[in-house]
Asker: 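Handing you this structure, nothing more for now.
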Amino acid sequence: MASPVGGATRDPMHSDIAAIEKALAAADPNVLRLAVYQATGDESLARMRVTSRRLGASPFLAKTLARGDRDLVVERAKRHLTGGAPPLRAGASIEIAELIALFEGETPSHNELLLAVDELGFDEFPRAANWTRKPPKDAVSRYRVAIIGAGVSGLAAAVQLARLGVPYDIFERQKDLGGVWETNRYPEARVDLCSHVYQFKFEKNYPWPEYFARQAVNKEYLRHIALKYGIVEKIKLGCEVIAAAWDDKAARWNVDVRSADGAVSRIAPHFVISASGLFSTPNIPDIPGLDSFQGRIFHTTAWPADLQTEGKRAALIGNGSTGVQLMNWLARATDKLFVFQRTPQWLIPARNYGAPIANEVQWLFDNVPYYWNWYCYAQYSFLQQYQSFEEHDPEWQENGGRISKANDDLREFLTNYIRENLAGRPDLISKSIPSYAPFARRMVVDNGWYEALMRENVELITDGIDRVTPTAIATRGGDRRDVDFIVLGAGFAVERYFSPVDYVGRDGAQLNDLWSKDGPRSYLGVAMPRFPNLFTLYGPNSQPRTGGFHAWAEMWAKYTAQLIIRTIEAGASSIECARDAYDSYNSRLDAQMRRLIWASEGAGGYHVRAFGRSVMHSPWLTQDYAAMLKEPDVNAFNLR
């Protein structure tokens, strides 16, 4: 096990007993207990019983300790931090499985343990791909990899290849790195998962200023990664891949790249990793007359820096994650805001959303060994319970329930949340309660949506848009709203994988032919038959049911890197997903998908699109999907 995060004093308050007491008062008791136990081996801490308590009126559960035990943990930590006992440092040799069981209050399954160990981030580089028998440097240097996209996934792949010494280049069509965090610059753009989950595990204790980091901070984090790990000089900005075809004789991809000046050049890498992601193609709604509007109209990915909002009448089309993040700001910035809603969303309140990370909490990360690790793990562990809301419980339904006890309890909690926030406005309440179950669509974190709806200058419109005129939006009910500008918050065309690149595989294989039956599919979200040496990060059916995106990017990147080094170690020229493995995997995926509420609730959204099935989400429990990505199955791929 690597040295723990923290342990070296970074803050002068280390010697201030009152300040230490204040920091410990801000600690998560169960996190602090595990950190202190791991550093000291104090068995009295191991004997404490973990309980699960509901967070307020919600059905969400958090791990906690009895009051007396909480006080005892703080007292023990205080003694070690103030000199009353040996200082906290890397200490007792305790099995990680035992530690995780102590935190959870129950023994984890094998797959749960595998994922949990990586999420704790004790190793210097968790989820690292490693050579089995590394060839000489000149043999490795003959292979070259092209990574498409310099967002989270692209950087994750680059870090893996850099560690392995495999040559690579990154082609990024935007003017700067960052992926979605370069594209989405609209006001209030931020993560909707805690940043201590939404981060790489190989980068320890990054000083996030807020629990849910904003766009500029997320982009700066990715720039920090690119600089620290020597990736920046490998990124070719303003270079868009426009076509790619496999040359079977040469065992390379012919990739056409258009630079910012319009010139097209061809490269011939051995491997291509598509890290373009799901959120690279804006979804422009098909509304008659949209092109006739004479005011400003733009998608949230093209937010104009010179937009004047004061005294203006604005329209917001879309109420997904982007629309909900943006709406409160837009309501305060404009004279009148019309919000056009096609389908209501379930909005969920998030702890510490918009709150800064207190100095006391950062002090704990910096000065208490293992605290950062267990804090990050606690956030991951909390999210794992979200999966329980997505599955049908036939027995519960036979007794009169809708979905399951967990889901029905959540529906009641969120319905009450709507009623409380929109009290006195039955018209808004009736428009805001969805008919489908929570988690049948992507859950949206509330950023003051209901608060904004209650403003006098905001009107929620649900009767559908008929057309856009040069100066207004007309609805099917016959009403007309004059507006100065229109914001398209309609999200992304997530089913358009690889767009706009047309990949041509072995023997002229086309993705449209492979996917003609019922939309995009893949093997583990990474590979497809007849497309040798082509890997996709965040590919079809790879959106995990929960967890932090950076962690999954690490897993996909590791899996892909393992396939590449397996090819190099074998002295082979190509590696290709076997058709029988692809078909078998997708048959099992479909069977697993039927257990979930996404399609049966008819909710649509990202979960079910034009193909009548989810082409985006993975139905597997996160620990099981992670286990599948741990090591490539030799029988699922053909080497040539």
Asker: Would you say the side chain of R442 lies within less than 4.5 Å of the side chain of S321, judging by non-hydrogen atoms?
Answerer: yes
Asker: Salt-bridge test for D176 and R223: reply yes if a basic N is under 4.0 Å from a carboxylate O, no otherwise.
Answerer: yes
Asker: Give, for atom CG of L488 and atom CG of L290, the distance between the pair rounded to the nearest 0.5 Å.
Answerer: 6.0 Å
Asker: Apply ring-ring contact (aromatic ring centres under 6.0 Å, His included) to residues F439 and Y386 and explain how you reach the verdict.
Answerer: CA-CA 8 Å; F439 279 95; Y386 281 19; 5.4 Å; yes
Asker: Can you tell me how far the CG atom of L524 sits from the CZ atom of F535, to the nearest 0.5 Å?
Answerer: 12.5 Å
Asker: Could you check if a side-chain atom of L326 sits within less than 4.5 angstrom of a side-chain atom of V487, using non-hydrogen atoms only?
Answerer: yes
Asker: Do W515 and D513 get their side chains close enough for a donor-acceptor pair, meaning under 3.5 Å?
Answerer: no
Asker: Hydrogens and angles aside, do Q384 and T546 bring a side-chain donor and acceptor to less than 3.5 Å of each other?
Answerer: no
Asker: For D518, does its backbone N or O pair with a side-chain atom of R613 as donor and acceptor, under 3.5 Å?
Answerer: yes
Asker: Can a salt bridge be assigned to the pair E576 and R530 using a cut-off of 4.0 Å between side-chain N and carboxylate O?
Answerer: no
Asker: If we count only N and O atoms by modelled type, under 3.5 Å, do the side chains of H224 and E203 hold a donor and an acceptor together?
Answerer: yes
Asker: With ring-ring contact (aromatic ring centres under 6.0 Å, His included) as the test, would you mind laying out the steps for F531 and W246 before giving the verdict?
Answerer: CA-CA 8 Å; F531 289 84; W246 174 252; 9.9 Å; no
Asker: List the atom of N533, the atom of A251, and the distance in Å for their closest heavy-atom pair.
Answerer: ND2-O, 4.5 Å
Asker: Go through the steps for D248 and R506 under the test salt bridge (charged side-chain N to carboxylate O under 4.0 Å, His left out), then give the verdict.
Answerer: CA-CA 6 Å; D248 201 43; R506 182 167 50 83; 5.3 Å; no
Asker: Sorted by first residue and then second, give each side-chain hydrogen bond (donor to acceptor under 3.5 Å, both in side chains) pair with at least one member in residues 631-640; sequence neighbours left out.
Answerer: Q562-E631
Asker: Do the side-chain N and O atoms of S109 and N111 include a donor-acceptor pair separated by under 3.5 angstrom?
Answerer: no
Asker: Using a 4.5 Å cut-off on heavy atoms from C-beta on, say whether the side chain of M528 contacts that of L514.
Answerer: yes
Asker: Please determine if R252 forms a cation-pi arrangement with Y143, meaning its NZ or CZ atom is less than 6.0 Å from the six-membered ring centre and no more than 45° off the ring axis.
Answerer: no
Asker: Take atom CG in D138; do more than 12 heavy atoms of anything else shown fall under 6.0 Å from it?
Answerer: yes
Asker: Of all heavy-atom pairs between A157 and L537, which one has the smallest distance, and what is that distance?
Answerer: CB-CD1, 4.0 Å
Asker: Tell me whether the rings of F637 and Y559 are parallel (<30°), tilted (30 to 60°) or perpendicular (>60°).
Answerer: tilted
Asker: What pairs of residues pass the salt bridge (Lys or Arg N to Asp or Glu O under 4.0 Å) test when at least one of them lies in residues 551-569, not counting sequence neighbours?
Answerer: R127-E554
Asker: Do you know the tightest heavy-atom contact between G320 and Q345?
Answerer: CA-NE2, 4.0 Å
Asker: Check the pair T567, F271 against side-chain contact (heavy atoms from CB on, under 4.5 Å), reporting the backbone distance first and the verdict last.
Answerer: CA-CA 10 Å; T567 308; F271 302 93; 3.9 Å; yes
Asker: Where the side chain of W253 meets the backbone of P532, is there a donor-acceptor pair that is under 3.5 Å apart?
Answerer: yes
Asker: Under 6.0 Å between the ring centres of Y198 and F212?
Answerer: no
Asker: Charged N to carboxylate O under 4.0 angstrom, K234 versus E172?
Answerer: no
Asker: Between T183 and Q174, is any side-chain donor less than 3.5 angstrom from a side-chain acceptor?
Answerer: yes
Asker: Rounded to the nearest 0.5 Å, what separates atom NE2 in H550 from atom CG in N218?
Answerer: 6.5 Å
Asker: What are the two closest heavy atoms between S195 and A213, and how far apart are they?
Answerer: OG-N, 3.0 Å
Asker: Any ion pair linking D590 and R521 (charged N to carboxylate O, less than 4.0 Å)?
Answerer: yes
Asker: Apply the test ring-ring contact (aromatic ring centres under 6.0 Å, His included) to residues W556 and F549: give CA-CA distance (whole Å), side-chain angles for both, the deciding distance (0.1 Å), then the verdict.
Answerer: CA-CA 11 Å; W556 298 320; F549 182 74; 5.7 Å; yes
Asker: Mind listing the closest non-hydrogen atom pair of A268 and N254 along with its distance?
Answerer: CB-OD1, 4.1 Å
Asker: Salt-bridged, E182 to K175, with N to O below 4.0 Å?
Answerer: no
Asker: If we only count heavy atoms from C-beta on, is the V526 to T560 side-chain gap below 4.5 Å?
Answerer: yes
Asker: Nearest 0.5 Å, what's the OG1-CG distance between T301 and N283?
Answerer: 10.5 Å
Asker: So, do F200 and Y221 sit near enough that their side-chain heavy atoms are less than 4.5 Å apart?
Answerer: yes
Asker: When you measure from the side chain of N586 to the backbone N and O of L589, does any donor-acceptor pair fall under 3.5 Å?
Answerer: no
Asker: Do the side chains of D624 and R545 get close enough for a salt bridge, i.e. N-O under 4.0 angstrom?
Answerer: no
Asker: Considering non-hydrogen atoms only, spot the tightest contact between A146 and P269 and give its length.
Answerer: CB-CG, 3.7 Å
Asker: Please evaluate residues F125 and V159 with respect to the criterion side-chain contact (heavy atoms from CB on, under 4.5 Å), reporting the C-alpha separation (whole Å), side-chain torsions for both, the decisive distance (0.1 Å), and the verdict.
Answerer: CA-CA 10 Å; F125 197 100; V159 170; 3.5 Å; yes
Asker: Working to the nearest 0.5 Å, report the span between OG1 of T300 and CD of E188.
Answerer: 14.0 Å
Asker: Can you tell me how far apart CG (L114) and CD (Q623) are? Round to the nearest 0.5 Å.
Answerer: 10.0 Å
Asker: Using modelled atom types only, decide if a donor and an acceptor are shared between the side chain of E210 and the backbone of I357 within a distance under 3.5 Å.
Answerer: no
Asker: If we only count heavy atoms from C-beta on, is the R351 to Q379 side-chain gap below 4.5 Å?
Answerer: yes
Asker: Have R190 and N184 got a donor and an acceptor in their side chains that come within less than 3.5 Å?
Answerer: no
Asker: Could you please spell out the steps behind the side-chain contact (heavy atoms from CB on, under 4.5 Å) verdict for K236 and D169?
Answerer: CA-CA 7 Å; K236 303 181 186 306; D169 294 292; 3.7 Å; yes
Asker: Ignoring hydrogens and angles, tell me if any N or O in the side chain of N319 forms a donor-acceptor pair with the backbone of T343 under 3.5 Å.
Answerer: yes
Asker: I'd like to know if the side chain of W208 pairs up with that of Q199 as donor and acceptor (distance under 3.5 Å, no hydrogens or angles considered).
Answerer: yes
Asker: Distance-only, no hydrogens or angles: does the D261 side chain make a donor-acceptor pair with backbone N or O of A263 under 3.5 Å?
Answerer: yes
Asker: Test ring-ring contact (aromatic ring centres under 6.0 Å, His included) on Y503 and F498 and set out the steps.
Answerer: CA-CA 8 Å; Y503 285 89; F498 303 115; 5.1 Å; yes
Asker: With a 4.0 Å cut-off on N to O distance, would you call D123 and K204 a salt bridge?
Answerer: no
Asker: Look at the side chain of S584 and the backbone N and O of A581, then say whether any donor-acceptor pair between them is shorter than 3.5 Å.
Answerer: no
Asker: Is a donor on one side and an acceptor on the other found under 3.5 Å between the side chain of E240 and the backbone of R258?
Answerer: no
Asker: Assess whether side-chain contact (heavy atoms from CB on, under 4.5 Å) is satisfied between L621 and E390, documenting all intermediate values.
Answerer: CA-CA 10 Å; L621 290 170; E390 298 170 335; over 6 Å; no
